[in-house]
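Note that the structure is predicted; figures quoted are calculated from it, not measured.
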Amino acid sequence: MTGTSESANPDCASPESRTPVADVAVSEEQVASLPSGIDICYQTFGDPDDRPLLLVMGLGGPMTWWPPELCRRLAAAGFHVIRYDNRDTGRSTRLSHLRVRRTDLVKAFLGGSVPVPYSLRDMADDAFGLLDHLGIDAAHLAGVSMGGMIVQTMAIDHPERVLSMTSIMSTTGSRTKGFQHPVLLPGLLRRGARTKEQYVEGTVVFQKLIASPAYPTPDDKVRARAEETWERGLNFPGVMRHMIAVVTQPDRTPALSSLRMPVTVVHGTKDKMVHVSGGRATAKAVPGAELRLVPGMGHDIPEGLFDTFVDAISSSAARA
């Protein structure tokens, strides 16, 4: 890696904007029907003639977990931003016929062999399918958590289609890196809420465990996002399918050494969901990668760090 930066003030200045944030064009939600039979719901921000940037969300998260204001800021920085619902989230295809039992998940976590409905590579293929639908040969990629694992997989499998990559709060797939804090396991394995109220209040409680302590998000904003997530179509069995794809992922460390596109790795020093060792390992594995450690950042995308994320993604793209 080229170096490690650990800023005492991660709120760096925004890149010079090409378009005022308030004037950024935002599309309606649309659906891409892929040849695989998967339908992917997506939305775009900004000018289609600008640099394409695909944003990939993490485990169980719909595209709306990429805050619209952050997407607008990225578009104002010169990107055509594309966010989308992964399979089994939001308004994309639900693979309800593929069931995962909690016993299978625990067995897989312990290293046992279990049936896997689909892999992170299948989810990476969904992302490439969306780019194909949009007529985009190559794009800049940014992914958070499981989304970081997906964009790493994309870069390994088809480097010619990846202009730059920003891996945020993610890891390499190594069992000894990027582990979860034990306090989170009960929440990760809990049964899905039966009502909207249960889900919203459970989200508030869990958010307090994983959120950035230096950049707190008010409870009312956490509730509003949880309500939106529920209303767009929460899919608890889909979260289980995501989880087993993550637990059974391969260690990408050797393959990451083949990457030659610009890579920036962003990780919080207070991340309980994916320990900071995951970010360090990712940056170490990729030749020339830049590691940006953010003091006080946990496992979320708080408003106070929007400029940090814009700067990191822009830095990757500028080196392409």
* Structure fact -> Shortest non-hydrogen pair, Ala124 vs Ile150, comes out as CA-CG2, 3.8 Å
* Do you reckon Leu134 sits in the same ILVMFWY cluster as Val151, going by side-chain contacts under 4.5 Å, direct or chained? -> yes
* Heavy-atom distance under 4.5 Å between the side chains of Met154 and Leu54, does that happen here? -> yes
* Close side-chain approach of Gln43 and Cys71, heavy atoms under 4.5 Å -> no
* Asked: Are Lys208 and Asp219 ion-paired here, with the side-chain N under 4.0 Å from a carboxylate O?
  -> yes
* Structure fact -> Correct closest heavy-atom pair for Asp85 and Met63 would be OD1-N, 2.8 Å
* How far does CG of Leu141 sit from CG of Leu163, to the nearest 0.5 angstrom? -> 8.0 Å
* Taking the side chain as every heavy atom from C-beta outward, state whether Met273 and Leu184 have any pair of such atoms under 4.5 Å apart. => yes
* Residues Asp251, Arg175: salt bridge by 4.0 Å N-O rule -> no
* So, do Met240 and Asp104 sit near enough that their side-chain heavy atoms are less than 4.5 Å apart? -> no
* To do: Mind checking the NZ-OG1 spacing from Lys177 to Thr253? Nearest 0.5 Å is all I need.
  => 8.5 Å
* Asked: Among the clusters formed by ILVMFWY side chains lying less than 4.5 Å apart, do Leu120 and Ile244 turn up in the same one?
  -> yes
* Asked: Are Ile82 and Ile136 close enough, and set up right, to give a side chain to side chain contact (heavy atoms under 4.5 Å, CB included), and what steps lead you there?
  -> CA-CA 11 Å; Ile82 306 147; Ile136 297 171; 3.6 Å; yes
* Are Ile40 and His133 close enough that some pair of their side-chain heavy atoms sits under 4.5 Å apart? -> no
* **His242 (side chain) donor-acceptor with Gly60 (main chain) under 3.5 angstrom** => yes
* Asked: Between Met57 and Met146, is a side chain to side chain contact (heavy atoms under 4.5 Å, CB included) present by the stated rule, with each step listed?
  -> CA-CA 7 Å; Met57 185 38 65; Met146 183 187 76; over 6 Å; no
* Structure fact -> Distance col, row Lys196:NZ vs Gln198:CD, nearest 0.5 angstrom, shows 13.5 Å
* Asked: In Å, rounded to the nearest 0.5 Å, how long is the span from CD1 of Ile156 to CE of Met165?
  -> 7.5 Å
* Asked: Could you walk me through whether His140 and Thr166 pass the side chain to side chain contact (heavy atoms under 4.5 Å, CB included) check?
  -> CA-CA 8 Å; His140 301 280; Thr166 305; over 6 Å; no
* To do: Compare all side-chain heavy atoms of Met123 with those of Met149 and state whether any distance is below 4.5 angstrom.
  => no
* **Main-chain N/O of Val144 paired with Ser170 side-chain donor or acceptor, under 3.5 Å** => no
* **Side-chain (Arg91) to main-chain (Gln30) donor-acceptor, under 3.5 angstrom** => no
* Evaluate the ring planes of His275 and Phe179, with Trp represented by its six-membered ring, and classify them as parallel (under 30°), tilted (30 to 60°) or perpendicular (over 60°). => parallel
* Asked: Can any side-chain N or O of Arg319 pair as donor or acceptor with the backbone N or O of Val263 at less than 3.5 Å?
  -> yes
* Is there a salt bridge (Lys or Arg N to Asp or Glu O under 4.0 Å) between Glu69 and Arg73 once you walk through the steps? -> CA-CA 6 Å; Glu69 175 63 18; Arg73 292 194 195 187; 3.2 Å; yes
* Do Trp66 and Leu305 belong together in a cluster built from hydrophobic side chains that touch within less than 4.5 Å? -> yes
* **Thr44 side chain to Ser27 side chain, donor-acceptor N/O pair below 3.5 angstrom** => yes
* To do: For Tyr118 and Asp88, test the side chains for any donor-to-acceptor distance below 3.5 angstrom and give the result as yes or no.
  => yes
* To do: Check the pair Leu74, Leu55 against side chain to side chain contact (heavy atoms under 4.5 Å, CB included), reporting the backbone distance first and the verdict last.
  => CA-CA 11 Å; Leu74 286 164; Leu55 302 180; 4.2 Å; yes
* Is there a donor-acceptor contact under 3.5 Å from the side chain of His267 to the main chain of Val274? -> yes
* Asked: Is the shortest heavy-atom distance from the side chain of Arg83 to the side chain of Phe45 under 4.5 Å?
  -> yes
* Asked: So, Thr172 and Ser174: side-chain donor and acceptor under 3.5 Å apart, yes or no?
  -> no
* Looking only at atom types and distance, does a side-chain atom of Glu231 sit under 3.5 Å from a main-chain N or O of Glu228, one as donor and one as acceptor? -> no
* Asked: Can you name the nearest heavy-atom pair linking Tyr42 to Ala32, along with the distance?
  -> CE2-N, 3.8 Å
* According to a 4.5 Å side-chain heavy-atom criterion applied to Ile, Leu, Val, Met, Phe, Trp and Tyr, with indirect links allowed, do Phe236 and Trp65 form part of one hydrophobic cluster? -> yes
* Is there a salt bridge (Lys or Arg N to Asp or Glu O under 4.0 Å) between Asp125 and Arg87 once you walk through the steps? -> CA-CA 11 Å; Asp125 287 342; Arg87 60 169 65 189; over 6 Å; no
* **Minimal non-hydrogen separation, Arg232 against Cys41, with atom names** => NH2-SG, 4.0 Å
* Asked: Does any N or O in the side chain of Asp311 come within less than 3.5 Å of the main-chain N or O of Thr308, such that one atom is a donor and the other an acceptor?
  -> no
* Asked: When rounded to the nearest 0.5 angstrom, what distance separates CD in Gln152 from OG1 in Thr282?
  -> 4.5 Å
* Are more than 12 heavy atoms from other residues, nucleotides or ligands located less than 6.0 Å from atom CZ of Phe128? -> yes
* To do: Would you name the heavy atoms of Leu209 and Val183 that are closest together and state the gap between them?
  => CD1-O, 4.4 Å
* Tell me yes or no: between the side chains of Asp271 and His299, is some donor less than 3.5 Å from an acceptor? => yes
* Between Ala108 and Val114, which heavy-atom pair has the shortest distance, and what is it? -> CB-CG2, 3.7 Å
* Taking the side chain as every heavy atom from C-beta outward, state whether Gln249 and Thr153 have any atom pair closer than 4.5 Å. => no
* Asked: If you measure only the distance, is there a donor-acceptor pair under 3.5 Å linking the side chains of Arg225 and Thr229?
  -> no
* Is Tyr199 reachable from Val222 through a run of hydrophobic residues whose side-chain heavy atoms are each under 4.5 Å from the next? -> no
* Is a donor on one side and an acceptor on the other found under 3.5 Å between the side chain of Ser277 and the backbone of Gly178? -> yes
* **Between CZ on residue Arg101 and NZ on residue Lys107, distance to nearest 0.5 Å** => 8.5 Å
